[in-house]
Structure formats: structure tokens, C-alpha cells
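When a ligand or atom number is given, it counts from 1 through the structure's own listing order. As a basis for the values below, the full set of heavy atoms in this structure was taken, side chains included, without hydrogen atoms, waters or symmetry mates.
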Amino acid sequence: MKNLLLIATGGTIACRETENGLSPALGGAELLHFVPQLRDFCTVDVRDLMQLDSTDLTAADRLAMAQAVRRDADRYDGFVIAHGTDTLAYTAALLYHLLADLPKPVVLTGSMLPMGAPESDAPRNLLDACRVAADGRAGVVAVLCGKILVGNRVVKFHSTQIDAFLSAGVPPLGAVGSDGKVRWDVPAAPPAQAAPDTLDPHVLLIKLTPDLDPTFFAALHGYPKVILETFGAGGIPARLENAVRALIESGTRVYITSQCIAGGMRLHHYAVGRRAESMGAISLGSRTTEDALAAVMCGEV
Ligand code: ASP
């Protein structure tokens with residue numbers, strides 16, 4: 001019998017209707033009441049860490065989640081984090097970096113409908129997440145709608161349907177069948193040797209649009225780190241060249257990522273990409289937006 005820790009943080013999975021709309025109200029123990037089948041394969045302790053809509057979570061809250069896992073890393077076989085779906089991809093990416101060296105499973109899950117609501121996906125997702133955590137494979141993953149997604153590739157692509165997540169640029173790691181069996185389709189990677197234990201949340205993400213006003217960049221001079229989400233394989237438009245160069249000269253570290261969720265940067269391919277390279281912008285390679293933010297916050301690039 002595996003021993004798991006459920007870390008409850010709020011989200012739709014824990015929501016109840018209030019006069020102001022859905023708001024998180026259930027703690028971890030109440031969530032577990034809906035999935036008595038867990039007792040067949042694991043015991044679960046609960047830590048009610050926070051009770052927030054994930055819209056309200058900050059880097060400090062995500063760091064607290066990583067620290068809660070670390071604190072009890074030796075006591076449990078695996079960890080499940082019940083989380084709002086809206087920013088679950090940001091948390092998954094950040095924990096993927098912060099817990100890269102942990103030799104235990106850390107499984108994020110949530111649901112599109114509250115626990116207890118008719119047709120809710122919550123019981124299945126919580127049960128599946130516990131099955132994956134009890135399976136023992138190390139790493140930070142998300143388990144939603146039967147899919148097992150590696151933490152740094154999670155993308156929420158739909159705001160209402162039950163099947164709302166995908167794995168960007170790589171296939172899902174595996175799946176949990178309707179019979180409850182965990183299947184891995186991708187070989188396990190060994191845990192990293194080390195992981196960052198602090199982060200700097202002062203990272204600004206700017207999505208380039210075809211007509212972004214170049215004068216806007218002057219307001220950012222000296223800001224620590226700026227990620228420009230550029231088009232396709234990456235590049236700086238000619239009309240922004242002087243503005244971005246001045247930003248870099250002001251001491252700001254400027255990173256480049258793509259608005260495409262898969263495929264990544266090929267800065268050397270086009271002249272517009274070489275323009276970015278020559279002015280000292282740093283390519284973030286092939287990353288989702290959430291992973292780009294996480295890697296820069298953790299100082300890994
Ligand atoms: N707004 C909710 C949250 O992210 C949505 C959800 O959990 O599905 O907490």
C-alpha cells in the first residue's frame with residue numbers, strides 16, 4: 001500500500017456555488033470523500049495549503065507548494081496537488097524546475113467542474129492522479145482527462161470543455177485507462193542532479209503584435225528580465241530594432257520565445273532572427289510560454 005500526500009490548494013475541483021459565483025470551499029479531506037476507491041491501493045494524508053482560485057496564485061504560493069513537497073519528501077511515496085485548472089500549466093512548469101531532482105512522483109490535477117457536480121470530471125481526475133502518484137515513477141506531471149502530461153509541456157487550450165489540456169510539442173507520457181491501469185508510453189528520465197531552490201518573479205512577458213508601439217519599450221528600461229513572445233521561429237521586427245536594442249543597453253536581459261506552442265526557435269534561419277541574435281537577445285529554444293517563464297524565473301537561462 002503506497003502512502004501519498006494530497007496538497008489541496010483550491011480551484012474548481014474544490015469549489016462551491018456562492019452568491020458571488022464559484023469559490024473554493026472544500027479541503028483535501030472533503031475531496032477524498034468522493035473517491036473511496038483510493039483505499040484499495042493507497043493511504044492519503046492531507047495538507048490544506050491554501051484555498052484559492054488559481055487565478056490568484058503567485059510565485060510565492062507556487063514556491064510554498066514546492067517546499068511542502070520537499071519538507072515531506074522522505075515520508076511519502078508520492079504527492080498529489082489539487083489545483084485550479086486556469087494556471088495549472090504555470091505551476092506544473094515551475095514545479096518541474098524546482099523539483100527536478102526529486103526522486104518521487106508529483107502529480108498535479110484539477111477539474112473543469114466542481115467535485116460533486118453532475119457529470120464532474122473531478123472524481124476521475126483525483127483518482128487517476130493518485131494512481132499515477134502510487135505508480136512510483138519520479139517526476140512532475142499533470143494528470144487530467146486520462147492523460148499524463150510532463151510538467152513543462154502542459155497547455156490549457158480550452159476554457160470550458162472537459163478535455164481541456166494538451167502536451168505541447170511532445171506526446172503525452174502515458175494515460176490512465178478506464179480500468180484504472182497506468183500506462184507509460186515514453187521511457188522514464190532520471191531525476192536531475194540538482195534543482196533551483198529560489199526564484200525571481202520579476203520577469204515580464206510581452207506578446208509581440210504586428211503594430212506594437214516601439215515607444216512602449218522605453219518604459220521598461222532597467223526592468224530585470226523581459227521575455228518577448230515573437231512570431232514563428234523568432235525574430236525582432238525592423239521597426240522595433242532600435243527600441244529593443246536600447247532596452248538591452250539599459251541593462252535588461254531580453255529573452256526570445258515563440259507564440260507557437262511547439263517547434264521552438266530557429267533564430268539563425270531568417271534575417272529577422274539573426275537581427276535578434278546580433279543585438280544580444282537570448283533564445284529560449286523550444287518551450288511553452290509557461291515553461292519559458294519558469295526557466296527564466298529559476299535562473300536556468
Ligand atoms: N478558475 C478556476 C481556477 O483556476 C478554474 C478551474 O479550476 O478549472 O481555480
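A distance-only check finds a donor-acceptor pair linking the side chain of Thr18 to the backbone of Gly21 [under 3.5 Å].
Linking Ile, Leu, Val, Met, Phe, Trp and Tyr residues whenever their side-chain heavy atoms come within less than 4.5 Å leaves Phe157 and Met112 in two separate clusters. Transitive grouping of hydrophobic side chains (ILVMFWY, heavy atoms separated by less than 4.5 Å) keeps Val203 and Val254 in distinct clusters.
Here Asp291 pairs with His97, Arg287 under the side chain to side chain donor-acceptor pair (under 3.5 Å) rule; sequence neighbours left out.
Counted within 6.0 Å of CZ on Phe217, heavy atoms from surrounding residues, nucleotides or ligands total more than 12; the atom is thus considered enclosed.
Under a 4.0 Å N-O distance rule, the pair Lys2/Asp135 does not qualify as a salt bridge.
Enumerated by chain and number, the residues approaching ligand 1 to less than 4.0 Å through a heavy atom are Gly11, Thr12, Asp53, Ser54, Gly84, Thr85, Asp86, Ser111.
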